[in-house]
Amino acid sequence: MTDKDKYRQLCEREESIPIFSRDWWLDAVCGESHWEALLIERNGQIQASLPLYLPLRDIVSMPSYTQTMGPWLSAVSPDTKYTTALGRNQELCRSFTEKLRHFPHFLQNFHYDITDWLPFYWAGYRQTTRYTYLLRGIGDQKALWGNMSPNIRRNIAKAQDKYHLSVRKGIATDEFLAIQAQSFARQGLRIKADQRALKNLIETCKRRNQGDLWGGYDQNGRLHAAAFVVWQKRSAHYIAGGSDPAHRDSGAQSLVLWECIRFASQHTDLFDFEGSMLPGVERFFREFGAVQTPFFTISKGKLSLLDRVRVKLSKWT
């Protein structure tokens, strides 16, 4: 049995593995032949895993629409001393740096559960801090509403009372992609080249009942805003969205996300907005009452122009 086969079995039985590191997610965003998994086993038990997206055999990178990857470390006994647990986890991560030595380029966003990157620092890796925004306790909708900024509450009320918008779950994928393209056009950005990968991810999540599309419509059937949200037991995540530039003032985006959060509370108690380094987007997520949470981008090496061309030409779609 290969390490990849063992990793698939680990994903089947281990709920603590984040959704972005699940084998089915990696199949959807990477393609089955472009990812592998490093394992550390002791006494026949997997102690740690590290999935890798390999657009080329010698390059480790991040797949699209995937917030974080990084090491998964098995839990220690609750009565384990802090110093013992920290030392054990550092040794596991040090083992990964040994396994990664033959990769000249490495880039991954580590899940926010990984708060100690020292073994990678000692091995010559670099770190950049990024932020996501987490909304906890989403089952208590009264508390959520109270913690929102007045601006978000006004937008939701405006969408419902002034524009008479209603939110539908399960909208068509092509309709979602079209309104996302409108958002890119408004911002002067090109549509991402991996739209087929996004479409495949949406259909995979829908089929597994672990993701869906929501849209906010007016009484004339016009779509004002849409969102793609995925979930598992430990958390739900906002993956992508878009809004019609002609209806940006209708409050539709706030209403759609509010309904997504309410739905996600049936499956989990945590909603991850995935954050943004863009000031306007960061403020929008923060105003929902979400808490700023750091995570690490760990890197080594630098892609040359030729490497970038090779990656682009080999990218799975």
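Excluded from the calculations below are hydrogen atoms, water molecules and symmetry mates; all remaining heavy atoms, backbone and side chain alike, are included.
- Between Lys199 and Glu203, no side-chain nitrogen of the basic residue sits less than 4.0 Å from a carboxylate oxygen of the acidic one, so the salt-bridge criterion is not met.
- Rounding to the nearest 0.5 angstrom, the gap separating the CZ atom in Arg57 from the NE2 atom in His102 is 8.5 Å.
- Judged by distance alone, the side chains of Tyr133 and Gln292 do bring a donor and an acceptor atom under 3.5 Å apart.
- At least one side-chain heavy atom of Trp122 sits under 4.5 Å from a side-chain heavy atom of Gln90.
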Derivation and outcome, salt bridge (charged side-chain N to carboxylate O under 4.0 Å, His left out), residues Asp113 and Arg234: CA-CA 12 Å; Asp113 284 348; Arg234 64 173 291 167; 2.7 Å; yes
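- Put simply, the side chain of Thr129 does not reach to within 4.5 Å of the side chain of Phe295, judged on heavy atoms.
- In this structure, the separation between CD1 on Ile298 and CD on Gln127 is 5.0 Å, given to the nearest 0.5 Å.
- When atom types are taken as modelled, the side chain of Asn109 and the backbone of Gln67 share a donor-acceptor pair closer than 3.5 angstrom.
- A side-chain donor-acceptor contact under 3.5 Å links Trp231 to the backbone of Asn209.
- Under 3.5 Å, the side chains of Asp218 and His164 contain no donor-acceptor pair of N or O atoms.
- For the residue pair Thr204 and Trp24, no side-chain donor N or O sits within less than 3.5 Å of a side-chain acceptor on the partner.
- With Ser243 contributing its side chain and Ala225 its backbone, the two residues share no donor-acceptor pair below 3.5 Å.
- Atom NZ of Lys4 is separated from atom CG of Asp23 by 9.5 Å, given to the nearest 0.5 angstrom.
- You'll find the side chain of Ser49 reaches within 4.5 Å of the side chain of Leu10, heavy atoms only.
- Side-chain contact check for His105 versus Val60: every heavy-atom pair is 4.5 Å or farther apart.
- Residues meeting the salt bridge (charged side-chain N to carboxylate O under 4.0 Å, His left out) test with Arg101, sequence neighbours left out: Glu98.
- Checked by atom type and distance alone, the side chain of Arg168 never pairs as donor or acceptor with a backbone atom of Tyr217 at under 3.5 Å.
- The shortest distance between side-chain heavy atoms of Ser299 and Phe106 does not fall below 4.5 Å.
- No side-chain heavy atom of Leu54 sits less than 4.5 Å from a side-chain heavy atom of Ile59.
- When ring centroids are compared, Phe271 and His237 stay outside the 6.0 Å threshold.
- Taking the six-membered ring where tryptophan is involved, the planes of Phe120 and Phe110 are perpendicular, since the angle between them exceeds 60° and thus also 30°.
- Although no hydrogens or angles enter the test, the distance criterion places no donor-acceptor pair under 3.5 Å between the side chain of Arg130 and the main chain of Pro294.
- Taking the side chain as every heavy atom from C-beta outward, Leu255 and Asn155 never approach each other to under 4.5 Å.
- Among residue pairs with one or both ends in residues 74-88, those qualifying as side chain to side chain donor-acceptor pair (under 3.5 Å) are Gln47-Arg88, Ser74-Arg88, Ser77-Asp79; sequence neighbours excluded.
- A distance-only check finds no donor-acceptor pair linking the side chain of Lys99 to the backbone of Ile40 [under 3.5 Å].
- Of the possible donor and acceptor atoms, none in the side chain of Ser21 sits under 3.5 Å from a partner among the backbone N and O of Pro18.
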Go through Arg8 and Asp27 one step at a time and tell me if the salt bridge (charged side-chain N to carboxylate O under 4.0 Å, His left out) criterion holds. CA-CA 11 Å; Arg8 290 189 186 277; Asp27 286 341; 3.0 Å; yes
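- Around the CD atom of Gln45, the shell of radius 6.0 Å holds no more than 12 heavy atoms that belong to other residues, nucleotides or ligands.
- Within the 4.5 Å cutoff, the side chain of Ile17 has no heavy atoms near those of the Trp25 side chain.
- Without hydrogens or angle criteria, Gln210 side chain to Cys205 main chain gives no donor-acceptor distance under 3.5 Å.
- We find the OG-NE2 distance between Ser235 and His111 to be 6.0 Å, quoted to the nearest 0.5 Å.
- Taking Lys6 as the reference, Glu41 meet the side-chain hydrogen bond (donor to acceptor under 3.5 Å, both in side chains) condition, with sequence neighbours excluded.
- Heavy atoms from other residues, nucleotides or ligands lying under 6.0 Å from CG of Asp116 number more than 12.
- Only one option out of Tyr238, Trp145, Phe288 pairs with Trp258 in a ring-ring contact (aromatic ring centres under 6.0 Å, His included); it is Trp145.
- Lys169 places no side-chain N or O within 3.5 Å of a backbone atom of Phe263 that could act as its donor or acceptor partner.
- Remark: the backbone N or O of Pro51 is paired with a side-chain donor or acceptor of Gln108 at under 3.5 angstrom.
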